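Please read the structure below before turning to the comments.
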Amino acid sequence: MKYVNLTYRIWLSFISLILIIALLLIIIYPISLKSTLTEETYRIIEEEQDRYQAPQEHAPPQTEIDFIERREAQRSVGHLFFMSQFGRVQGDPVPKGVLDEMTDRATKQMTDRGRYELTYSGATVFYVVLKIETVVGDAYHISYMWDSYRDQMINQLWERLLYILILASLLGLFPAFWLKNYLRQPLTLLGNHFEQISNRNWQEPFEWRGDQDFQKLSFQFEQMRQNLINYDKAQKTFIQHASHELKTPIMVVKSYAKSVKDGIFPPENIEQAMDVIIEETNRMEKRVKDMLYFTKLDSVKEEIIHRQTLVFGSIAYQLQERYRVQRSDLAFIVEGAEVNFDGDREQIQILLENLVENALRYAETTIWIKAKLTNDTVEITVENDGEHIPSKELSHIFTPFRKGNKGQFGLGLAIVKRIAELHGGYPTVKNEVKGVSFKIYLPI
């Protein structure tokens with residue numbers, strides 16, 4: 001597909017506009033002009049007819065040749081009189097065929113004045129019949145004029161119209177040049193900024209003042225630039241934190257493995273060293289899984305979530321059994337097990353797992369896993385009776401890699417927030433009278 005650049009589009013628009021106007025004039029103008037001049041021709045004939053009725057000297061032509069010659073005479077009106085009772089005709093001589101048609105229409109005329117036209121020698125003759133009542137019967141005053149006046153006026157007006165179209169086309173070049181430069185200036189500037197962004201240079205801001213549409217475009221571009229800057233910072237931060245999180249267990253595994261290889265550990269302590277290596281690899285595996293899952297959630301869109309009707313108890317009781325083994329000293333209380341809501345089962349389960357694992361690190365005696373319906377929202381709560389979160393940390397608790405005093409990787413609560421947002425909801429955290437509660441609000 002061949003694309004047309006902006007300059008060509010502007011020129012094509014102006015040329016198309018001129019052609020459309022010219023086409024409309026060619027179609028509409030002749031009809032309107034011809035009708036107007038025909039009306040003007042009849043008006044002239046009627047004025048001359050009225051003037052002829054007044055006493056004045058008038059020397060009518062003497063031969064039929066004068067009838068033909070009037071065709072070339074502009075605004076020349078001929079006259080003749082006809083008495084229907086006597087069949088007498090006086091006035092300008094006209095050919096018999098023309099006279100018969102004129103007198104036939106005159107005798108059939110029902111009004112005092114009528115307008116007619118006829119064709120003779122390839123041209124049009126316009127004539128007006130004035131009916132006059134006399135003591136001896138009806139008389140008819142017939143005034144006529146050739147269409148040479150109308151045709152000449154049409155030709156003159158067409159000539160002037162052609163000059164106007166040419167002049168308008170030439171003058172139209174100036175706004176076309178101006179519009180081309182006006183449109184290209186901000187687009188060229190915007191294109192330069194896009195080129196800079198393609199080279200990962202997005203530090204220079206873009207702002208356009210003036211035209212409202214271009215100003216809106218510049219605002220949208222600036223938003224995109226800010227988002228790219230934030231994304232770049234987040235990506236660098238993620239890589240830095242990820243490398244830091246993986247660096248420690250790798251160093252531990254490496255040092256223990258090297259110590260075993262070099263024989264530094266006594267044989268009776270080798271099993272203990274292997275346990276440390278396994279523990280650190282498990283921690284490293286957990287971190288890698290969290291980072292991969294967090295990255296996956298960041299690219300997931302809400303419309304591809306596999307929603308289904310979930311029973312809260314089917315997930316909560318499963319987690320209760322799993323984590324009771326890790327801390328047998330804790331009591332796990334499930335409330336609202338009968339609550340139903342729509343969601344992605346895998347994601348909701350991971351959300352609850354992260355909340356419960358976070359509670360395990362701080363709870364002293366009890367963890368509550370609750371759900372309840374409020375209007376069109378399901379409220380999921382994971383609460384523990386551990387120590388409070390410092391006030392300054394509450395607003396950053398769901399930020400990636402933001403770890404508390406007993407936090408591990410700083411991604412668990414960030415994953416919770418992302419899953420809630422993908423379901424159209426949001427998370428909150430609050431220090432209770434005794435303990436901390438995390439609440440997730442999801443639309444049903």
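Source: prediction; values computed, not measured. The basis for the numbers below is simple: all heavy atoms, side chains too, and nothing from hydrogens, waters or symmetry mates.
E48 contributes no side-chain N or O that, together with a main-chain N or O of S143, makes up a donor-acceptor pair within less than 3.5 Å. When atom types are taken as modelled, the side chain of N431 and the backbone of I389 share a donor-acceptor pair closer than 3.5 angstrom.
Under the 4.5 Å side-chain criterion, counting only non-hydrogen atoms from C-beta, N384 is in contact with V436. For the pair V129 and H141, the minimum side-chain heavy-atom distance is 4.5 Å or more. In this structure the side chain of F312 reaches within 4.5 angstrom of the side chain of I369, judged on heavy atoms. For the pair T41 and M145, the minimum side-chain heavy-atom distance is below 4.5 Å. No side-chain heavy atom of Y323 sits under 4.5 Å from any side-chain heavy atom of I367. Side-chain contact between F332 and R322: absent, with no pair of heavy atoms (C-beta onward) separated by less than 4.5 Å. In this structure, E346 and H306 have side chains that are not in contact, with every pair of non-hydrogen atoms separated by 4.5 Å or more.
The distance from atom CG of N354 to atom CD1 of I419, rounded to the nearest 0.5 Å, is 7.0 Å. Rounded to the nearest 0.5 Å, atoms CD (Q349) and CD (Q318) are 5.0 Å apart. Taken to the nearest 0.5 Å, the CD1 atom of I142 stands 12.0 Å off from the CD1 atom of I45. Expressed to the nearest 0.5 Å, how far CG of L130 lies from CZ of F81 amounts to 9.0 Å. Residue Y140 holds its OH atom at 10.0 Å from CE of M83, rounded to the nearest 0.5 Å. Atom-to-atom distance recorded for T374:OG1 and Y441:OH is 7.5 Å, nearest 0.5 angstrom.
At most 12 non-hydrogen atoms from other residues, nucleotides or ligands lie less than 6.0 angstrom from CG of N375. Under a cut-off of 6.0 angstrom, the local environment of NZ in K370 is crowded, with over 12 non-hydrogen atoms contributed by other residues, nucleotides or ligands. Taking a 6.0 Å sphere around CD of Q308, one finds it holds more than 12 heavy atoms contributed by other residues, nucleotides or ligands.
Annotation: ring-ring contact (aromatic ring centres under 6.0 Å, His included) contacts of Y127 (sequence neighbours excluded): Y116. Contacts of T309 classified as side chain to side chain donor-acceptor pair (under 3.5 Å), with partners at least two apart in sequence or in another chain: D342.
Taking a cutoff of 4.0 Å between a charged side-chain nitrogen and a carboxylate oxygen, R43 and E46 do not qualify as a salt bridge. Between E383 and K434, no side-chain nitrogen of the basic residue sits less than 4.0 Å from a carboxylate oxygen of the acidic one, so the salt-bridge criterion is not met. Between E357 and R361 there is no salt bridge, since no side-chain N of the basic residue sits under 4.0 Å from a carboxylate O of the acidic one.
The two residues P95 and Y120 make their nearest non-hydrogen contact at CG-OH, 3.4 Å. Minimum interatomic distance between H79 and Y52 (heavy atoms only, all atoms of both residues): CD2-CD1, 3.5 Å. Across all non-hydrogen atoms, the minimal contact from V382 to A359 is CG1-CB, 4.3 Å. Between R113 and V128, the closest heavy-atom pair is CG-CG1, 3.5 Å. Considering all non-hydrogen atoms of both residues, P427 and I440 come closest at CB-CD1, 3.5 Å. Residues S437 and T381 share a closest heavy-atom pair of CB-CG2, 4.3 Å.
Ring geometry for F438 against F398 counts as perpendicular: the plane angle is over 60°, on a 0 to 90° scale with 30° as the lower cut.
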Fill in: Stepwise side chain to side chain contact (heavy atoms under 4.5 Å, CB included) check, L413 with L355
CA-CA 7 Å; L413 295 180; L355 289 177; 3.9 Å; yes
Fill in: Stepwise side chain to side chain contact (heavy atoms under 4.5 Å, CB included) test for V98 and V125
CA-CA 9 Å; V98 174; V125 177; 5.7 Å; no
Practice prompt. Begin from the C-alpha positions of K439 and K430 and carry the test side chain to side chain contact (heavy atoms under 4.5 Å, CB included) through to its verdict.
Written response: CA-CA 8 Å; K439 295 182 183 292; K430 182 181 179 182; over 6 Å; no
Item to complete: Determine, step by step, whether E393 and H388 satisfy the side chain to side chain contact (heavy atoms under 4.5 Å, CB included) criterion, reporting the C-alpha distance in whole Å, the side-chain angles of both residues, the deciding distance to 0.1 Å, and the verdict.
Response: CA-CA 10 Å; E393 292 292 333; H388 285 174; over 6 Å; no
Practice prompt. Output, in order, the C-alpha distance, side-chain angles, deciding distance and verdict of salt bridge (charged side-chain N to carboxylate O under 4.0 Å, His left out) for E117 and R105.
Written response: CA-CA 10 Å; E117 63 179 72; R105 287 191 174 181; over 6 Å; no
